[in-house]
Amino acid sequence: MTSLKNDLLLRTLRKETVERPPVWMMRQAGRYLPDYLKLKAKYDFFTRVQTPELACAITLQPVDQVGVDAAIIFSDILVIPQAMGLEVLMEEGKGPSLPSTIATQKDIDALITDGAEESLKYVYDALSLTKRELNNRVPLIGFAGAPWTILCYMVEGKGSKTWEKAKQFAYTQPLLAHRLLQKITDITISYLKLQAKAGADTVQVFDSWAGALSPADFASFAQPYLLQIADGLKDIVPVILFPKGSWYALKDLSESSAAGVGIDWCISPDYARKLTGGNIVLQGNFDPAKLLAPIPEIKKAVKEMIDAFGPQLYIANLGHGITPNIPVDHARAFVDAVKEYRPVTI
Ligand code: CP3
């Protein structure tokens, strides 16, 4: 196997000393790049996801055009509910919706579990193709949604600000919720293993709605499944957990078999370091909306962010996905500021 030309991300995840922190942006593939919008005008969402040549082209765009230190495969977390037999619609301007939601034991029993991950061959094909096309320039990140976040969509049937239906389900029928979470977990572990086999150098688990839960409910409905995934993959690829909003879990997660934990901008780098010691690589946590600030301010804030985290055991990233309204030169300024970073010398 040829070695990567830029392996900053993987060396950081192995806790090695690096010249500067690696940088990538959550949701960097798609959303804001003009070349992505051209493909979006031509092909519907799941055609883009299910056609390896399109997914590969979209994955490479931010590497070529913004200069990030890693590629993340273009796909979606909702391919898992699809593989389990649920229909998922993606309507422009409305976000995802699932016409048949999960409410009862019967619904859960009817989900496809045996070999569900095998129907996602197009993801593995997209990864292998992208790995080839990257030609070892930067590492390739695979991903999946965390069980709690996937449950949210399966039960709620669409996005939500409060996730009341999903929480009602978890709090009134906890045994069913755990049964569903376990099914999703088992499939996700197999799915991520197959992603690694197809070429993913590391994988991130997006628990986008973890922060809807209290610390005690996170400990019950989210954390055990995140830990199972981290344990299941630990000898195969480094795992980055991103439980958005759940800063209270940082200490526990830093003692898990995950290689890194992503954090959002609601916790300061200092406090996150205090909670985790030097135990784990931290990733984050620039407020994506701050990318709308003038470029000199972005650059200044990035430098302050790296100073606060420290340049080792650190992956520069946003605290959540980049939004469609970010000018490309502002995204590039974020990436450049990390690449230009030099530690303060006295
Ligand atoms: O990081 C990357 O760029 C890789 C691609 C990626 C997509 N979705 C493509 C996409 C990744 C990593 C995701 C993850 C994802 N999908 C999450 C977790 C990350 C997060 O932002 O919290 C969630 C919650 C979803 C579910 C989902 N998919 C939603 C809520 C939406 C609609 C709103 C939106 O844009 O986020 C999608 C659609 C989607 N997935 C788009 C893209 C580029 C936009 C639709 C389009 O371009 O046609």
Side-chain angles (χ1 to χ4, degrees), residues 23-51 54-63 65-66 68 70-82 86 88-98 123 126-127 130 139-154 156-161 163 166 188 191-192 195 200 202-212 240-246 262-265 283-285 287-289 315 317-326 331:
V23 55
W24 67 282
M25 291 179 294
M26 286 187 277
R27 307 297 297 272
Q28 67 188 22
R31 277 197 158 173
Y32 66 105
L33 287 174
D35 282 348
Y36 173 71
L37 299 175
K38 280 185 212 152
L39 289 177
K40 180 170 164 152
K42 257 172 102 175
Y43 306 97
D44 71 52
F45 183 70
F46 284 112
T47 304
R48 275 172 271 145
V49 166
Q50 290 165 8
T51 311
L54 290 176
C56 170
I58 297 168
T59 302
L60 296 178
Q61 286 171 359
V63 177
Q65 298 176 18
V66 191
V68 284
I72 177 161
I73 195 68
F74 181 77
S75 185
D76 200 81
I77 63 168
L78 298 175
V79 300
I80 284 290
Q82 279 179 329
L86 295 179
V88 180
L89 307 170
M90 195 64 78
E91 285 167 78
E92 186 54 39
K94 277 179 73 184
S97 66
L98 289 77
V123 179
L127 283 161
T130 307
L140 179 57
I141 306 171
F143 71 89
W148 166 253
T149 288
I150 297 296
L151 175 148
C152 281
Y153 284 103
M154 283 182 162
E156 200 90 28
K158 56 183 186 321
S160 165
K161 282 204 165 71
W163 300 102
T188 301
Y191 176 50
L192 291 174
Q195 289 194 30
T202 171
V203 294
Q204 172 153 318
V205 184
F206 286 90
D207 213 347
S208 305
W209 310 120
I240 304 170
L241 299 176
F242 175 55
K244 188 180 179 299
S246 298
I263 54 174
D264 64 32
W265 56 94
Q283 172 177 280
N285 72 344
D287 177 356
I315 301 163
N317 205 319
L318 308 174
H320 200 188
I322 189 166
T323 47
N325 56 341
I326 303 301

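Since this is a predicted model, take the numbers as computed values, not measurements. Just follow the structure's listing: the first ligand is 1, and inside any ligand the first atom is 1.
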Between side-chain atoms of residues 71-79 and protein atoms elsewhere (two or more places apart, or another chain), which donor-acceptor pairs fall under 3.5 Å?
from, atom 1, to, atom 2, distance (Å)
Asp76, OD2, Leu78, N, 3.0

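- Checked against Tyr36 for a side chain to side chain donor-acceptor pair (under 3.5 Å), the options Arg48, Arg31, Gln61 give a single hit: Arg48.
- Residues forming a side chain to side chain contact (heavy atoms under 4.5 Å, CB included) with Ala57 (at least two apart in sequence, or on another chain): none.
- Applying the side chain to side chain contact (heavy atoms under 4.5 Å, CB included) criterion to Leu89, with sequence neighbours excluded, gives Glu87, Glu91, Ser97, Pro99.
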Pairs under 3.5 Å, nitrogen or oxygen of ligand 1 with protein nitrogen or oxygen:
from, atom 1, to, atom 2, distance (Å)
ligand 1, 1 (O), Arg27, N, 2.9
ligand 1, 3 (O), Gln28, N, 3.2
ligand 1, 3 (O), Ala29, N, 2.7
ligand 1, 3 (O), Ala29, O, 2.9
ligand 1, 8 (N), Arg27, NE, 3.3
ligand 1, 8 (N), Arg27, NH2, 3.4
ligand 1, 8 (N), Asp76, OD1, 3.0
ligand 1, 16 (N), Asp76, OD1, 3.1
ligand 1, 21 (O), Arg27, NH1, 2.8
ligand 1, 21 (O), His320, NE2, 3.2
ligand 1, 22 (O), Ser208, OG, 2.5
ligand 1, 22 (O), His320, NE2, 2.6
ligand 1, 28 (N), Asp76, OD1, 2.8
ligand 1, 35 (O), Arg31, NE, 3.3
ligand 1, 35 (O), Arg31, NH2, 3.1
ligand 1, 36 (O), Arg27, NH1, 3.3
ligand 1, 36 (O), Arg27, NH2, 3.1
ligand 1, 36 (O), Arg31, NH2, 2.4
ligand 1, 40 (N), Arg27, NH2, 3.1
ligand 1, 40 (N), Asp76, OD1, 2.7
ligand 1, 47 (O), Tyr36, OH, 2.5
ligand 1, 47 (O), Lys40, NZ, 3.2
ligand 1, 47 (O), Arg48, NH1, 3.4
ligand 1, 48 (O), Lys40, NZ, 3.3
ligand 1, 48 (O), Arg48, NH1, 3.0
ligand 1, 48 (O), Arg48, NH2, 3.2

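- Classified by interplanar angle (parallel below 30°, tilted 30° to 60°, perpendicular above 60°), the ring pair Phe242/His320 is tilted.
- Taking the ring centre of Trp265 as origin, the terminal cationic atom of Lys244 falls inside the region bounded by 6.0 Å and 45° from the ring axis.
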